[in-house]
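The model shown is predicted, which means the values in this text are computed figures rather than measured ones.
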Amino acid sequence: MKDAWNLKDQIGEEKAKKLIDMKKQIEEEKEKLKKLELERKRKEEQKREKQKSFAELLAESDLKWEDFK
């Protein structure tokens, strides 16, 4: 039975390790970008909440306008 050749055998151990390390680095960078995007969206939402008008806040609540007259 012949030995099966795979990509790792063909490119060499060192290059295979380098590719694996690059893959891990790319995954880490993707995760970092995902966290940054979530943080940006959270801050944007907080800013939007701060800038809501009284009418918008009242519309979101169960309170009635007459209670504030």
Student: With side chains defined as the heavy atoms from C-beta onward, is the minimum distance between Glu27 and Lys30 less than 4.5 Å?
Tutor: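 They are not in contact (no side-chain heavy atoms under 4.5 Å apart), so the answer is no.
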
Student: What do you reckon, is CD of Glu14 surrounded by more than 12 foreign heavy atoms closer than 6.0 Å?
Tutor: no

Student: In this structure, which one of Glu39, Lys41, Lys34 forms a side chain to side chain contact (heavy atoms under 4.5 Å, CB included) with Glu37?
Tutor: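 The single option meeting the side chain to side chain contact (heavy atoms under 4.5 Å, CB included) with Glu37 is Lys41.
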
Student: Under the side chain to side chain contact (heavy atoms under 4.5 Å, CB included) rule, what do Arg48 and Glu44 come out as? Steps first, then yes or no, please.
Tutor: CA-CA 6 Å; Arg48 209 174 305 130; Glu44 198 173 278; 3.1 Å; yes

Student: Just verifying a value: how many Å separate Glu28 CD and Leu33 CG, rounded to the nearest 0.5 Å?
Tutor: 12.0 Å

Student: Does the side chain of Arg42 come within less than 4.5 Å of Gln46's, by heavy atoms?
Tutor: yes

Student: Looking only at heavy atoms, what is the nearest atom pair of Gln51 and Glu56, with distance?
Tutor: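 Smallest heavy-atom distance, with atoms named: O-OE1, 4.4 Å.
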
